[in-house]
Amino acid sequence: MANANQQDYAVLQVLGGRVLLSCDLGKGPAHITLATPINDGLWHTVSPKTVMVSVDGTESDRTHTKGHTLDVEGKLYISGLPATYTARRIGNVTHSLAACLRDVMFSGVQMKLSAALSSHAAGSCFRRAQSGSFFSGSGYAAFMKEGYNVGSDVSVSLDFRSTAPDGVLLGISSTKVDAIGLELVNGQVVFNVNNGAGRITARSRSAVSMCDGRWRTLVAKKQKHSLSLTVDGVTVTAENPYSSSTSAETKNPIYVGGYPADVKQNCLSSREPFRGCMRNLRVFKGHVTDELDFSAAFAHPHVFPHSCPDNAA
């Protein structure tokens, strides 16, 4: 919480896996942290005060604040900030908290999170969770807002699990025809590439459905004159019949699990959003590897980062 110009503020964050409390009562900032890490998947009780913070009963050192009154607006933001909110002085706010919260108390009053004045992309905690990010079947995650150029060579790897036979896994396109796409079609993984001259396709050939609720690992590789798709160690390849067309000049963001209604995807045959879980998403180009963290996507409606329910598929 803060006043309009953020001269006075108080913020509780997780930074580097540890709790950080910062505040300014109008006469200079004060910061305090505790060495105890909390990014271990367990429940922790955090109690911030104006001069110290405690985790599970262990208190930090105390610090001094200048001033006596915290003069802020009557708005308390929990777990994140609106996209329209400009963080000027309140620290390294890059994305919302990928975690579960419960029993939030403020000045002795319990906050009923389900009755908040407004909320955005806040879901429920799963009783039993595992690693991965959950896609509810009605959303998507978007990366590289400035656009991503596939070019002549690129590789994509990810783990997924689902019981839905159809759904978008990943798409990178252009305003013309150049694009690549990964999708589930009738229980098989399909990898499509268009370098500008026509679509080239590699399709998994498993005797069983890829959508049986088990974790699957795929690696899709696009090269100048061929492409390959490996799912759980089994590889299929396809040659590029267009020898003079070897590069996909894309300029759009990377969309995962689906894409907005007003976006065109030239190498996806389905608009069906993915329902299930994904993890370990990486894009390789030359010596550069982009590890795409779902909680850091510039948009991820109806996607729950870093929490995959055991019974979700």
Side-chain angles (χ1 to χ4, degrees), residues 39-43 79-80 95-101 120-144 155-172 180-191 204 206 208-220 229-234 253-260 265 268 270-284 289-313:
N39 58 335
D40 53 9
L42 303 177
W43 284 102
S79 184
H95 52 80
S96 60
L97 184 70
C100 290
L101 299 177
H120 175 70
S124 301
C125 290
F126 305 125
R127 291 187 179 275
R128 296 176 58 194
Q130 57 182 247
S131 64
S133 296
F134 177 57
F135 289 70
S136 65
S138 59
Y140 62 89
F143 299 91
M144 310 288 186
S155 298
V156 176
S157 67
L158 64 91
D159 301 333
F160 73 92
R161 71 180 182 94
S162 178
T163 55
D166 302 288
V168 173
L169 293 174
L170 179 143
I172 312 173
I180 67 170
L182 278 163
E183 57 188 335
L184 294 170
V185 178
N186 296 325
Q188 298 296 319
V189 180
V190 177
F191 180 32
S204 64
S206 174
V208 298
S209 171
M210 296 284 100
C211 306
D212 54 5
R214 299 179 181 179
W215 281 107
R216 304 285 183 176
T217 297
L218 73 81
V219 179
L229 173 65
T230 303
V231 182
D232 292 342
V234 179
I254 300 174
Y255 290 101
V256 182
Y259 52 97
Q265 289 289 338
L268 292 172
S270 174
R271 287 205 64 99
E272 192 71 25
F274 175 78
R275 176 176 172 81
C277 295
M278 293 190 198
R279 65 188 182 193
N280 299 329
L281 174 59
R282 297 179 176 90
V283 179
F284 307 88
T289 300
D290 290 305
E291 297 190 20
L292 303 183
D293 183 338
F294 289 107
S295 67
F298 73 81
H300 53 81
H302 307 292
V303 177
F304 303 90
H306 303 305
S307 189
C308 172
D310 272 351
N311 60 352

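The model shown is predicted, which means the values in this text are computed figures rather than measured ones.
Shown here are the side chain to side chain donor-acceptor pair (under 3.5 Å) partners of Ser138, two or more places apart in sequence or in another chain: Ser136. A search for side chain to side chain contact (heavy atoms under 4.5 Å, CB included) contacts involving Ser209 returns Cys211, not counting sequence neighbours. The side chain to side chain donor-acceptor pair (under 3.5 Å) test applied to His302 returns no partner, not counting sequence neighbours. Among residues two or more places apart in sequence or in another chain, the side chain to side chain donor-acceptor pair (under 3.5 Å) test is passed with Ser131 by Arg279. Taking Pro260 as the reference, Tyr140, Tyr255, Asp262, Val263 meet the side chain to side chain contact (heavy atoms under 4.5 Å, CB included) condition, with sequence neighbours excluded. Listed by chain and residue number, Arg216 satisfy the salt bridge (charged side-chain N to carboxylate O under 4.0 Å, His left out) test with Asp232 (two or more places apart in sequence, or in another chain). For Asn280, the side chain to side chain contact (heavy atoms under 4.5 Å, CB included) criterion is met by Asp159, Arg282, not counting sequence neighbours. The side chain to side chain contact (heavy atoms under 4.5 Å, CB included) check on Arg271 picks up Tyr259, Ala261, with sequence neighbours excluded. Not a single side chain to side chain donor-acceptor pair (under 3.5 Å) links Gln265 to another residue, sequence neighbours left out. With sequence neighbours left out, Phe135 forms a ring pair (Phe, Tyr, Trp, His ring centres under 6.0 Å) with Phe274, Phe294.
Residues Val303 and Val256 form no side-chain contact, since every pair of their non-hydrogen atoms from C-beta on lies 4.5 Å or further apart. Contact check for Asp212 versus Thr163: no side-chain heavy atoms found under the 4.5 Å cut-off. Here the side chains of Ile172 and Val156 are not in contact, with every heavy-atom distance at 4.5 Å or above.
Judged by distance alone, the side chain of Glu272 and the main-chain N or O of Gly258 form no donor-acceptor pair under 3.5 Å. A side-chain donor-acceptor contact under 3.5 Å links Ser162 to the backbone of Ala164.
Rounded to the nearest 0.5 angstrom, Asp290 CG and Met144 CE are separated by 3.5 Å. Interatomic distance, CG of Leu169 versus CG of Leu268, reported as 9.0 Å (0.5 Å rounding). Once rounded to the nearest 0.5 Å, the distance linking CG of Leu281 with CD1 of Ile254 reads 7.5 Å. One distance of note links CG of Leu170 with CZ of Phe143; it measures 9.5 Å at 0.5 Å rounding.
Annotation for Met278 and Val168: closest pair CE-O, 4.3 Å, computed over non-hydrogen atoms. Scanning both residues, Trp215 and Cys308, for their nearest heavy atoms gives CZ2-SG, 4.3 Å. Taking all atoms of both residues into account, the shortest heavy-atom contact from Arg275 to Gly137 is CB-CA, 3.8 Å. The minimum heavy-atom distance between Ser295 and His306, with the atom names listed, is OG-NE2, 3.3 Å. Shown here for Met210 and Ser204, the closest heavy-atom pair between the two residues is CG-OG, 4.1 Å. In terms of heavy atoms, Ser79 sits closest to Leu101 at CB-CD1, 4.1 Å.
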(request) Apply the test side chain to side chain contact (heavy atoms under 4.5 Å, CB included) to residues Leu182 and Val190: give CA-CA distance (whole Å), side-chain angles for both, the deciding distance (0.1 Å), then the verdict. (result) CA-CA 6 Å; Leu182 278 163; Val190 177; over 6 Å; no

(message) Show, in sequence, the C-alpha distance, side-chain angles and deciding distance for Thr217 and Val231, and conclude whether the side chain to side chain contact (heavy atoms under 4.5 Å, CB included) test is met.
(response) CA-CA 6 Å; Thr217 297; Val231 182; over 6 Å; no

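Each of Leu218, Val283, Val219 was compared with Leu158 under the side chain to side chain contact (heavy atoms under 4.5 Å, CB included) criterion, and only Leu218 meets it.
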